[in-house]
Structure formats: structure tokens, C-alpha cells
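I have placed the structure first, in the form of C-alpha cells, so that the comments after it can refer back to it.
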Amino acid sequence: MASIFTKIINGEIPSYKVAETDDFYAFLDINPNAKGHTLCIPKKEVNRLFDLDKETYDGLMEFSRTVALGLREAIPCKRVGMSVIGLEVPHVHVHLIPLNHMGEMTFQEKVSLSPEEFEATAAAIRAQLK
Ligand code: AMP
């Protein structure tokens with residue numbers, strides 16, 4: 001069965017899109033640790049990061065870097081944290097989290113955003129990636 005993230009790529013489930021290439025997709029995490037928390041995924045559905053073929057792995061890292069550079073311009077923060085977990089969704093995803101304190105990397109602290117705030121945040125990041 002297709003993962004929830006494959007359904008997002010295919011447009012069957014909505015997302016707040018941040019960036020897209022032929023092989024990768026970035027969108028806002030729906031339950032963010034901090035405003036701007038973004039997920040970068042390969043379109044190829046693979047469960048575990050280190051099972052990716054090298055080309056896709058390298059491509060995902062480069063794509064994540066590009067998104068992170070835009071993210072830090074769009075969202076004021078001390079730095080952008082990066083994490084790969086995958087215990088909830090079995091489709092490789094890189095978490096990019098604008099950080100101001102360590103708690104934002106623990107996945108215990110969450111912020112809630114309105115649909116309008118999600119859309120404005122995604123638009124602000126997209127604008128930095130042009
Ligand atoms: P993990 O697999 O533990 O890295 O966590 C999966 C992440 O995906 C969590 O941070 C969720 O909030 C996020 N997530 C799950 N479903 C969606 C969705 N439909 N849109 C955006 N983010 C999602």
C-alpha cells in the first residue's frame with residue numbers, strides 16, 4: 001500500500017508544499033516542533049534512510065541543504081536542525097527544524113498553526129527558494 005507521503009506526492013492528500021524536483025518533495029510537517037518544520041522526501045518510496053541507493057541518498061542530502069538554506073532565510077532562528085527518525089511514517093523523510101532552543105529537537109514540544117499560518121509559512125520558504 002502506498003505510504004501517506006506517496007499519497008501526498010501524488011496529490012491524493014493535501015500538503016503545504018515548499019519545494020519539488022523530479023525526484024524530491026518538501027512540505028511542512030503537519031505537527032511541527034517549531035514554525036517552519038519541513039520534511040524533505042524522495043519520491044521513490046523507501047522505508048529506511050540507509051537503504052536508499054547512493055544516488056538518491058546524495059540527492060536527498062543536496063535537496064535538503066537547498067531547502068534548509070531557504071528555510072533559515074524565511075524563518076528567523078539560531079540554526080536549522082536536521083533529523084531522520086521514521087518511526088511513524090515508513091517513507092524516508094528528513095526533518096528540517098528552525099531552532100532557537102534544544103527542546104525543539106526533542107519532538108516533545110509542538111506548536112500549533114492555523115491553516116493560514118501554514119500557508120503563509122510555506123509561501124515564505126518558497127519565496128526564498130526562487
Ligand atoms: P517520524 O516517522 O517519526 O519521523 O514522524 C513522521 C512525521 O511526519 C511527524 O512529524 C508527523 O507530524 C509528520 N506527518 C505525518 N503525517 C503528515 C501529513 N499528512 N502531512 C505532514 N506531515 C505529516
Side-chain angles (χ1 to χ4, degrees):
M1 201 179 80
S3 76
I4 191 169
F5 290 170
T6 293
K7 290 180 181 170
I8 284 176
I9 293 163
N10 293 338
E12 296 162 31
I13 292 176
S15 68
Y16 297 99
K17 178 172 157 178
V18 165
E20 182 171 15
T21 68
D22 287 347
D23 298 321
F24 304 100
Y25 191 86
F27 57 105
L28 296 181
D29 194 298
I30 206 66
N31 187 22
N33 295 14
K35 185 177 163 185
H37 182 166
T38 297
L39 302 177
C40 298
I41 64 176
K43 291 185 176 177
K44 188 184 288 185
E45 186 179 323
V46 172
N47 182 353
R48 295 178 173 85
L49 177 70
F50 298 119
D51 286 339
L52 288 175
D53 61 80
K54 186 172 185 311
E55 184 183 353
T56 306
Y57 177 90
D58 289 347
L60 177 63
M61 291 302 132
E62 179 57 31
F63 179 73
S64 299
R65 177 178 181 272
T66 300
V67 173
L69 294 178
L71 183 54
R72 74 181 186 186
E73 295 302 318
I75 308 293
C77 60
K78 287 185 177 167
R79 57 180 56 226
V80 174
M82 181 170 148
S83 177
V84 177
I85 304 174
L87 289 172
E88 185 184 323
V89 178
H91 183 147
V92 172
H93 47 284
V94 172
H95 293 264
L96 297 177
I97 304 162
L99 298 178
N100 288 295
H101 60 271
M102 182 58 97
E104 290 161 324
M105 279 308 281
T106 65
F107 293 83
Q108 305 298 317
E109 292 182 15
K110 295 290 177 180
V111 296
S112 65
L113 301 177
S114 67
E116 293 76 19
E117 288 171 316
F118 270 113
E119 190 43 63
T121 302
I125 302 166
R126 286 196 302 267
Q128 293 297 331
L129 294 171
K130 282 193 176 140

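All ligand and atom numbering here is 1-based and tracks the order in the structure. Note: hydrogens, waters and symmetry copies are ignored here, and every other heavy atom, side chains too, is used. Not measured: the values here are computed from a predicted model.
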> Which of the atoms of ligand 1 are close to His93, meaning less than 4.0 Å from one of its heavy atoms?
Replying inline: 1 (P), 2 (O), 4 (O), 5 (O), 6 (C)

>> Could you check, using the six-membered ring where one of them is a Trp, whether Phe5 and Tyr25 have ring centers closer than 6.0 angstrom?
In response: no

>> For a quick test of reading the model, state the closest non-hydrogen atom pair linking Asn31 to Lys110 and the distance between them.
In response: O-NZ, 2.9 Å

>> Can you tell me how far apart OG1 (Thr6) and NZ (Lys43) are? Round to the nearest 0.5 Å.
In response: 11.0 Å

>> Donor-acceptor pair, distance only, cut-off 3.5 Å: does the side chain of Glu104 make one with the backbone of His101?
In response: yes

> Does any N or O atom in Ile30 lie less than 3.5 angstrom from one in ligand 1, N or O only?
Replying inline: yes

> Can you check whether Glu88 has an N/O within less than 3.5 Å of an N/O in ligand 1?
Replying inline: yes

>> If the contact criterion is a heavy-atom separation under 4.0 Å, does Phe107 count as touching ligand 1?
In response: no

>> If you measure every N or O of Gly86 against every N or O of ligand 1, does any of those distances drop under 3.5 Å?
In response: yes

> Taking side chain as C-beta onward, heavy atoms only, is Leu60 less than 4.5 Å from Leu49?
Replying inline: yes

> His37 to ligand 1: N or O pair under 3.5 Å?
Replying inline: no

>> Need the ligand 1 atom indices (1-based, order shown) with element for anything under 4.0 Å from a heavy-atom of Asp29.
In response: 7 (C), 8 (O), 9 (C), 10 (O), 11 (C), 12 (O), 13 (C), 22 (N)

> For ligand 1, which atoms, with element, lie under 4.0 Å from some heavy atom of Asn31?
Replying inline: 12 (O)

> What atoms in ligand 1 come closer than 4.0 Å to a heavy atom of Val89?
Replying inline: 2 (O), 6 (C)

> Can you list the atoms of ligand 1 that are under 4.0 Å from a heavy atom of Ile8?
Replying inline: 18 (C), 19 (N), 20 (N)

>> Starting from Ile13, can I reach Leu39 by hopping between I/L/V/M/F/W/Y residues whose side chains sit under 4.5 Å apart?
In response: yes

> Is it true that Glu117 and Lys35 make a salt bridge, defined as a side-chain N closer than 4.0 Å to a carboxylate O?
Replying inline: no

> If you count the atoms of ligand 1 from 1 in the order shown, which ones are under 4.0 Å from a heavy atom of Leu28?
Replying inline: 21 (C)

>> Under 4.0 Å, heavy-atom basis, I'd like to know which part of Phe27 is in contact with ligand 1: side chain, backbone, both or neither.
In response: side chain

> How are the rings of His37 and His95 set relative to one another: parallel (under 30°), tilted (30 to 60°) or perpendicular (over 60°)?
Replying inline: tilted

